Amino acid sequence: MTKFTFSEKKDTRSGFGEGLLEAGRKNPNVVGLCADLTGSLKMGDFQGEFPERFFQTGIAEANMMGLAAGMTVGGKIPFTGTFANFSTGRVYDQIRQSIAYSEKNVKVCASHAGLTLGEDGATHQILEDIGMMKMLPNFTVVVPCDFNQTRLATMAIAEHEGPVYLRFGRPKWPIFTDPNDSFEIGKAHKLIDGNDVTIFATGHMVWLAIEAEAILAEKGISAEVINIHTIKPLDIKAILESTRKTGAVVVAEEHQRFGGLGESIATELAVHSPTPMEFVAVNDHFGESGKPEELLSKYGLSKEAIVEKCEMVIQRK
Amino acid sequence: MSQPDYEKLQKLATQIRRDIVRMVHGAASGHPGGSLGCTEYFVALYFHILDRKDTFNMDGKGEDIFFLSNGHISPVWYATLARAGYFEVSELATFRKLNTRLQGHPATEEGLPGIRVASGSLGQGLSVAVGASRAKKLNQDDHLVYVLMGDGEQQEGQVWEAAMFAAHNKVDNLIATIDYNGQQIDGPVDEVMSLGDLRAKWQAFGWEVLESNGNDLKDLIDTLEKAKSMTGQGKPVLNLMRTDMGYGVDFMVGTHKWHGIAPNDEELEKALSQLEETLGDY
């Protein structure tokens, strides 16, 4: 398998911005809405090219979700943009009733998710959004891992009929996937083959899982790394296949342990194939101010933490 | 637009009121008060005002469309939709029962013709209607969007977010109506959380505001016609519609007590004795 390296870092939100522009060029029904964070969400190019299809809603996220739901009635495909915190918890009931239960084709696009938002601190570092969104019937939840994949995911969700939550982030992050990769919602990407333990990772943590694999290899441990870019629907087939081969699982995500990807995988494994598991996630805490790397390290989301959890889970086989 | 046939409209209103009390009685739950108070509005809308297609299309292209924000008055909407031919009136008997398409609050999941978005959790319908109005503009569809809200619902902040957006963006293909009956579940609106000068508030938000008597078909239709004539001029239009909660059934009128409870057998008989069966019960 390819060894993953990177020569450039870029923020995943910029991948969203490019993907939205391309989706807009491809389909005239794509419209954008943003609650006073156009620059942060990188929606400026879309706004510039399609001013009549871009809606500035002001700092009024609840209204933005309702507007988006209403626009689908005329056949539009609305992409809402704001920070992940304001895309989910702040407007959960609006999303639940007007979008999820009403089966509306809205794409809720959320930047600045997780600890890597950094210095702004815990008010903005949402770590509960995956849980909230995966619990909603009818919703698809997508968490791409780098700039290229976020661009591809953005274009893919425009083609998908139904409500989608797309989660991405703020920091510049290694670009290690191929810009010409295929992206299929609900289809996991195996990045590295291994035999001793499987690391299922999502979002920014996929790169750290790749780095952890290299450290584990030096220690003589063969880790399989799988990128779960779609939290829901989960690629159960890929998860069971790898788990039955390695017999040990570590899940890495920039999210609370409760309600995250780890919980989804644990539920499936409990039913189909009980397997020792460890979790690299935030453990029932809020975040705080700091640099992204400092925060990931403090809250146990580093590559070293992944290595440690892999060694622990192998002991439990 | 043809002249309204008031005799026909009045017969519809009376029959729909019978439907409402029978549905709520049959389900032993529901919200009769607001439904009865808004009956003339629904009759005026579906049988005179709306330029609508006979069959339901979710996208609503090429026709006027309506959203109900205060979804708890679903009985009057369901009865109106059935009487307008979107589905069989016999289905009204399933209201709020297991496996029904007539959910306690309106929903799309069961595919009931006429419903485009779920409502019930208050404050969301105006946003949805404004979004649908924008989509009509993008589609170069010159039909109108209508939405009904409650007065207690004006306490929800999202209503004012939507009001601000609509005025700022000159959403002028939208006619909103507030059912101004002065009652909410816990009591008179003025006691629970007074709304102040509602007309002045909406005007201050940049809307054209008309006032109507929502239990007088002629006054209501005249007002809605006037509202239509004011569309396309750069401002959203609001119809501040005074109604009596429970109108048409003497012991239900003007009190919040019948906001969300069902009549018993005796009360049903008493109510029906005041409402002539004009078009045949379901």
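Note that the structure is a prediction, hence the values are computed from the model and not measured. What's counted below: heavy atoms across the whole structure, side chains too, no hydrogens, waters or symmetry copies. So that the names make sense, note that chain A is the first sequence line, chain B the second, and so on, each numbered from 1.
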Donor on one side chain, acceptor on other, Gln124(B) and Asp93(A), under 3.5 Å: yes
Nearest-0.5 Å distance, OH of residue Tyr101(A) to CD of residue Gln103(B): 4.5 Å
Most chain A-contacting option - heavy-atom pairs closer than 4.5 Å, from Val159(B), Leu126(B), Asn169(B), Thr108(B): Thr108(B)
Ser127(B) (side chain) donor-acceptor with Leu67(A) (main chain) under 3.5 angstrom: no
Region of Arg134(B) in contact with chain A, defined by heavy-atom distances below 4.5 Å: side chain
Portion of Ala162(B) that has a non-hydrogen atom of chain A nearer than 4.5 angstrom: both
Contact origin within Lys61(B) toward chain A - heavy atom pairs under 4.5 Å: side chain
Options Val31(A), Leu33(A), Asn63(A), Val73(A), ranked by heavy-atom pairs under 4.5 Å with chain B, top entry: Asn63(A)
Separation of Gln158(B) CD from Ser98(A) OG (nearest 0.5 Å): 7.0 Å
Spatial distance of atom CG (Leu138(B)) from atom CZ (Arg53(A)) [nearest 0.5 Å]: 8.5 Å
Atom group of Ile65(B) that falls short of 4.5 Å from chain A, counting heavy atoms: side chain
Part of Ser119(B) lying under 4.5 Å from any heavy atom of chain A: both
